[in-house]
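Take a look at the structure below.
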Amino acid sequence: MTNMLYSFTGLILFVFGLFALISCPHPLRKILGGNVMSTGIFLFLVATSYRTDTASIDPVPQAMVLTGIVVSVSITAVALVLATRLQQSANRAMNRREKKNEGGAAEG
Amino acid sequence: MIYVGVALFLLLTVVLGMIRIIAGPTVADRMMAAQLFGTSGLAILLVLAQGMNMPELIDIALTFSLLAALATMTFVRRVWYEEEKNDDS
Amino acid sequence: MDSAMTIILTGFDLLLSATLLWLAWQLLRSTDIFKAIIFFICFGLLMAIAWVRMHAPDVALAEAAIGAGLTGPLFLAALRKMERKQKKERRFDPEEKRDNPDKRWQVRSREASPLMWIVAALTLCFAGLLIRTVWIIPRPLPGLAQQTAAHLGASGVDNAVTAVLLNFRGYDTMLEVMVLLLGAITIWSITHAPFPPRLPDTSPVQKSAVRLLLPLICLTGGYLVWQGAYQTGGAFQGGAVLSAALVLLLISDFLWLPDMHSLPLRMGMVLGPLVFLSMAVLGIITENALLRFPPEQAGAFLLFLEAACAISIGLSLAAFFAGGRPASDLREKPYQTDQPDTEKEGS
Amino acid sequence: MTIPEIIGLVSIAVALPFFLSGTVGMLRFPDIFTRLHALTKADNVGLGFLILGLCLQANDWFIVIKLVLIWVLVLIASSASCHLVARRALMKGIRPWTAQ
């Protein structure tokens, strides 16, 4: 019961994350969506291997998920730096264009 | 069993408090609500440690308590620094 | 008594998963990106409790340290870097002052509405397929619990998760430490850190709180690494807690920090992968296989390995937060093509 | 049940209203400063009673030390961060709410 509940929660989280990754235009929200997606997969992995008796809980998926959490935080960090750089250069270009427009308006 | 009931109650208060995150109105209110959740989550962990008979959860609670200030301090020092940010952002 | 316990636990699980789903939906659909980040922090907190309910305390500890502790500040710092420029940009356009900072993104998403519906329909179909697939998995699933328990004696540690991570599937962990190093290298080569501006009004309360917390955080990190051998804990959790100490130092603008040379940082970051590789090569020489440890000394080897990994994980995660190469590392002035547009604080 | 266990349960029961009032205060109070006040009630007193209760149930000194350490750490963290938020709010010119 518990494992079914949590594995379906994980699946739905994965789908939410996927949808956000495709449909949200804001880069930060895309990264958030990717994080939710990976969390969903982790939850699904661990919940599917969960047994009610504590003695026979499988440590292999847990170790994999532990690895996955650390890898996903590194991916998140790299993606955030890339998104920040992208945004900054886009803003800079926009500022320059607006400045030029303003200057042109003042002269004309 | 009492402990799990207590944990359920604490989880309910957390869910109630989420209204404050939605309502705002200032960014600081949202951040403080998140901090309250940190404390409540820590309490849930401690209670579950007793109720589920897993004493290792106390270490997780210890980690929570060490990192409790991290998000709020980052928020105050990094995000909320700009003057004149429209508060209901 | 027992059935009442089951009912309460089921209620707890139901409430927890419903809240998780609701939070995920809110964080993906809310109008404001800051709100979404706050929801994400809460999501991490509740995920840690969900891991506890799955009897996965090691994962819960990692989630508490990384998901609830570090990722939120990472996003907050990135948000600030993005927003500062946007605010500056808004100065050219006083009409827009009351608008949402990410209005640009909002407008485009509304324009793409029919496409959105198609994507939503496709995602729903995909979700249905996934749910059906999961439904028809034959249960109970086979597991590796017995095999792990049978070989636990040879691994040198008592905690099954640590044994799997470092001994049975050491390859994974070695590559993972490499991934962290690679991430840090990528970030350092993309940009140099706009190093923490020394904000004029550091509160003395914050400084003394950080001074009180720092030794305790380092102590707890070391304790978690040590404890990984027989109970919940290990290199990742310890490393994440250590990196929290560094992040606290970074955000409270201690004056000596920006002037620090990056050589010790680099050495520390390489330490973990290096020790792992040398252990692997040592395994070839003594045991004729990559990454195999002699069972008698395995415990000591693993502890050594974990300590080295924890140091490099902590430093790499802190480097992620700093978001770039330390500025003091640059021999000449930082790369400045179009700096006039950007705001330099504190200099 | 021994007497310390009963006292522990009573102490946990005392802690719960503080958590509830923290949340209710968070929802009902009018401005950021009063909400900070509500928040610290849950942090300090509620968690304090809860930890007192759990300490009375614990059978290991190491666990008791860890529990007390958790409480002290939460006190440090919450007081420092509430101070920072209130200070920054005052600097930004957010006026404390008054009865008028």
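Any value given below was found using the heavy atoms of this structure, including those in side chains, with hydrogens, waters and symmetry copies removed. Proteins get letters first, then strands, A, B, ... in listed order; numbering begins at 1 in each. The model shown is predicted, which means the values in this text are computed figures rather than measured ones.
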Residue pair [X] / [Y]: nearest heavy atoms and the distance that separates them:
X: B/Met31; Y: C/Ile38; value: SD-CD1, 3.5 Å
X: C/Val52; Y: B/Met52; value: O-CE, 3.6 Å
X: C/Pro57; Y: B/Ile60; value: O-CD1, 3.6 Å
X: B/Met73; Y: C/Ala209; value: CE-CB, 4.3 Å
X: C/Pro73; Y: B/Leu70; value: CG-CG, 4.1 Å
X: C/Ala65; Y: B/Thr63; value: CB-CG2, 4.0 Å

Gap separating the [atom1] atom of [X] from the [atom2] atom of [Y], nearest 0.5 angstrom:
X: C/Leu61; Y: B/Asp59; atom1: CG; atom2: CG; result: 7.0 Å
X: B/Thr72; Y: C/Gln206; atom1: OG1; atom2: CD; result: 11.0 Å
X: C/Gln227; Y: B/Glu56; atom1: CD; atom2: CD; result: 8.5 Å
X: B/Arg30; Y: C/Ile41; atom1: CZ; atom2: CD1; result: 13.0 Å
X: C/Thr220; Y: B/Leu62; atom1: OG1; atom2: CG; result: 5.0 Å
X: B/Ile2; Y: C/Met5; atom1: CD1; atom2: CE; result: 11.0 Å

Next item on the list: Before giving the answer on ring-ring contact (aromatic ring centres under 6.0 Å, His included), spell out for B/Phe9 and C/Phe12 the whole-Å C-alpha distance, their side-chain angles and the decisive distance to 0.1 Å.
Entry: CA-CA 9 Å; B/Phe9 176 82; C/Phe12 189 83; over 10 Å; no
Check: Checking B/Leu45 against chain C: side chain, backbone, both or neither under 4.5 Å from a heavy atom?
Finding: side chain
Note to self: Taking side chain as everything from C-beta outward and backbone as N, CA, C, O, which of these in B/Ala7 sits under 4.5 Å from a heavy atom of chain C? Side chain, backbone, both or neither.
What the structure shows: both
Check: Are side-chain heavy atoms of B/Ile21 and C/Gln26 found at a separation under 4.5 Å?
Finding: no
Item checked: Residue among C/Ile217, C/Leu216, C/Val247 with most heavy-atom pairs under 4.5 Å to chain B -> C/Ile217
Note to self: So which residue, C/Leu46, C/Leu70, C/Leu9, C/Leu15, ends up with the most heavy-atom pairs under 4.5 Å with chain B?
What the structure shows: C/Leu15
Checklist line | Whether over 12 other heavy atoms sit under 6.0 Å from B/Ile22 CD1 | finding: yes
Checklist line | Partner chain C: residue of B/Leu48, B/Leu12, B/Leu8, B/Val15 with the largest heavy-atom pair count (under 4.5 Å) | finding: B/Leu8
Next item on the list: Please find out if less than 6.0 Å separates the ring center of C/Phe43 from that of B/Phe37.
Entry: no
Note to self: What part of C/Leu224 gets within 4.5 angstrom of chain B, counting heavy atoms only: side chain, backbone, both, or neither?
What the structure shows: side chain
